[in-house]
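Notes follow once the structure below has been shown.
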Amino acid sequence: MADSNIFRVTKSEFQHSVQTMMEENDILGVKQKAPGFIFERLLNPEELRLDYDISLLPPNRYFIPSRESLIKFNLISKVARASETVIRPCIILGIHPYDLHAVKIMDAVYTGNVIDTNYLIRRRAALIIGVDCLNPWPYSFAASMGTAMPPRLFDLWLSDLGDSYLIEVGSVKGNGLLRRYFKTTSVAEAQIEQRDLQRKESLLQYKLSLDFAPEKIPEILDKSWQSSMWAELGQKCFSCGSCTMVCPTCVCFEVQDQVDLNLQNGERWRHWDSCMFAGFARIASGEEFRPGGTERLRHRLHRKGKYMLERWGELGCVGCGRCIHACLVDIASPVYAYNRLAKEAQ
């Protein structure tokens, strides 16, 4: 018997639905821009590319902009007030499963013990419509990380069946969105079986994989602190931060105060930062806890494979592979590092 939360819509009807949604909502959808794909506001339905392999930047970066104002202050009156965060509701259309797993991690980080209000405002204002990744790019290893299938965190989920999409409802808001904008028909059991088969076949298309279960990564890292691999790779590192800038689970930022030339008014900003930057772990007395590329690279892989799991209950790597592609000297691959460390630990 077909799932009562799954519906079917033809592709022509789907395009019409997107057009209608665009008239009433901001839609961040996948668009093609050289040299790849990006999430950007849709201007017409024809721009949408749900057959993409990966976006250059993860869509959850929308929740934490690269630079944003936190407070405005006056040094004379000693008055400070929070910068107003006005967010229009939007729909993120086309997110892949591994990036939705990254949203789950960011939710834990930014709405856990300490709630980040700005993040929460954007997160609550966004509806997520995801799509199966049937065309994984060569650098991805999401299948090895268990992130190639979507977690139950979406509002609507799309599965491409060729001439139509299956739409699965994942939330009350998603159900409202479906009823308002989509003209659907019932689903046959054979169509759900087709979707499930496509998903299984897509797992076989990933080119990179771990040689072991991802649950063993923390144990492997525990045994690898003195590995010669860290120095070998770290000596080549430019500390450019490219790997962290494209990572969907990097959450670090820096806070800076900027004072006007009149020395009266000022503003506090935060912007993305990176543990791979020289100076990231420098303290006021001048000491540097991670002075070289060796220490910084080791920290990054431990953070993704161990520290985030210990603090937030989730591995910090979702296997998207963006860091592998972004690295200028081909040393950022978690797959290579973890597989090599696993062999050394035997």
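- Contact of the Met229 side chain with the Leu341 side chain is registered, since non-hydrogen atoms from C-beta on lie closer than 4.5 Å.
- Tracing side-chain contacts under 4.5 Å through hydrophobic residues (I, L, V, M, F, W, Y), one never reaches Leu120 starting from Met106; they form parts of separate clusters.
- Under the 4.5 Å side-chain criterion, counting only non-hydrogen atoms from C-beta, Phe141 is in contact with Cys317.
- The neighbour count for His302 NE2, taken as heavy atoms of other residues, nucleotides or ligands under 6.0 Å away, is above 12.
- Between the side chain of Thr244 and the backbone N or O of Gly241, at least one donor-acceptor pair lies under 3.5 Å.
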Steps toward side-chain contact (heavy atoms from CB on, under 4.5 Å) verdict (Leu156, Val169): CA-CA 5 Å; Leu156 294 175; Val169 177; 4.0 Å; yes
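- For the atom pair Glu254 CD and His271 NE2, the distance stands at 4.0 Å (nearest 0.5 Å).
- Contact detail for Cys323 and Pro334: the closest heavy-atom pair is SG-CD, 3.5 Å.
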Kindly indicate, with the supporting measurements, whether the criterion side-chain contact (heavy atoms from CB on, under 4.5 Å) is fulfilled by Leu166 and Arg8. CA-CA 5 Å; Leu166 290 191; Arg8 178 175 172 269; 4.1 Å; yes
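- Checked by atom type and distance alone, the side chain of Gln198 pairs as donor or acceptor with a backbone atom of Asp160 at under 3.5 Å.
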Pairs of donor and acceptor atoms involving the side chains of residues 209-221, under 3.5 Å and at least two apart or interchain, shall be tabulated with distances.
| residue | atom | partner | partner atom | Å |
| --- | --- | --- | --- | --- |
| Glu219 | OE2 | Lys223 | NZ | 3.4 |

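- Judged by distance alone, the side chain of Lys31 and the main-chain N or O of Arg41 form a donor-acceptor pair under 3.5 Å.
- By the 6.0 Å contact criterion, CG on Asn44 is enclosed, its count of non-hydrogen atoms from other residues, nucleotides or ligands being greater than 12.
- No side-chain donor-acceptor contact under 3.5 Å links Glu13 to the backbone of Thr10.
- For the residue pair Ser239 and Arg296, a side-chain donor N or O sits within less than 3.5 Å of a side-chain acceptor on the partner.
- Taking the six-membered ring for Trp and thresholds of 30 and 60 degrees, Trp157 and Phe154 have ring planes inclined between 30 and 60 degrees apart.
- Among all heavy-atom pairs drawn from Leu57 and Met245, the shortest one is CD2-O, 3.5 Å.
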Please lay out, stage by stage, how Val329 and Cys327 fare under the test side-chain contact (heavy atoms from CB on, under 4.5 Å). CA-CA 6 Å; Val329 288; Cys327 184; 4.0 Å; yes
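- The cluster map of Ile, Leu, Val, Met, Phe, Trp and Tyr, joined by side-chain heavy atoms under 4.5 Å apart, puts Phe63 and Ile121 in the same cluster.
- Under a 3.5 Å cut-off, the side chain of Ser55 and the backbone N or O of Phe39 do not form any donor-acceptor pair.
- Here the side chains of Val318 and Met145 are not in contact, with every heavy-atom distance at 4.5 Å or above.
- Side chain to side chain, Arg268 and Ser83 fail the donor-acceptor criterion of an N or O pair below 3.5 Å.
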What do the steps show when you test Glu46 against Gln15 for side-chain contact (heavy atoms from CB on, under 4.5 Å), and what is the final call? CA-CA 8 Å; Glu46 289 75 19; Gln15 191 172 51; 3.7 Å; yes
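- Not counting sequence neighbours, the partners of His325 by the side chain to side chain contact (heavy atoms under 4.5 Å, CB included) test are Trp137, Tyr139.
- Lys104 NZ to Thr147 OG1: the interatomic distance, rounded to the nearest 0.5 Å, is 11.0 Å.
- A donor-acceptor distance shorter than 3.5 angstrom exists from the side chain of Ser17 to the backbone of Tyr181, with no hydrogens or angles considered.
- Under a 3.5 Å cut-off, the side chain of Arg290 and the backbone N or O of Arg298 do not form any donor-acceptor pair.
- Linking Ile, Leu, Val, Met, Phe, Trp and Tyr residues whenever their side-chain heavy atoms come within less than 4.5 Å leaves Val246 and Phe280 in two separate clusters.
- Not a single donor-acceptor pair under 3.5 Å links the side chain of Asp155 to the backbone N or O of Lys173.
- Tested against Arg195 for a salt bridge (charged side-chain N to carboxylate O under 4.0 Å, His left out), the candidates Glu168, Glu189, Glu201 yield a single pass: Glu168.
- Using modelled atom types, one side-chain atom of His101 and one backbone atom of Met149 make a donor-acceptor pair closer than 3.5 Å.
- Residues Tyr119 and Tyr62 share a hydrophobic cluster, clusters being chains of Ile/Leu/Val/Met/Phe/Trp/Tyr side chains in contact below 4.5 Å.
- In terms of hydrophobic clustering, with Ile, Leu, Val, Met, Phe, Trp and Tyr side chains grouped at heavy-atom distances under 4.5 Å, Val255 and Val251 are assigned to a common cluster.
- Look at Arg322 and Asp99 and you find a salt bridge, because one of the NZ, NE, NH1 or NH2 atoms lies within 4.0 Å of a carboxylate O, short of that distance.
- No side-chain N or O of Tyr307 forms a donor-acceptor pair with one of Arg311 less than 3.5 Å apart.
- Judged by distance alone, the side chain of Ser333 and the main-chain N or O of Tyr336 form a donor-acceptor pair under 3.5 Å.
- The pair Lys306-Asp222 meets the salt-bridge criterion, with a side-chain N (NZ, NE, NH1 or NH2) lying under 4.0 Å from an Asp/Glu carboxylate O.
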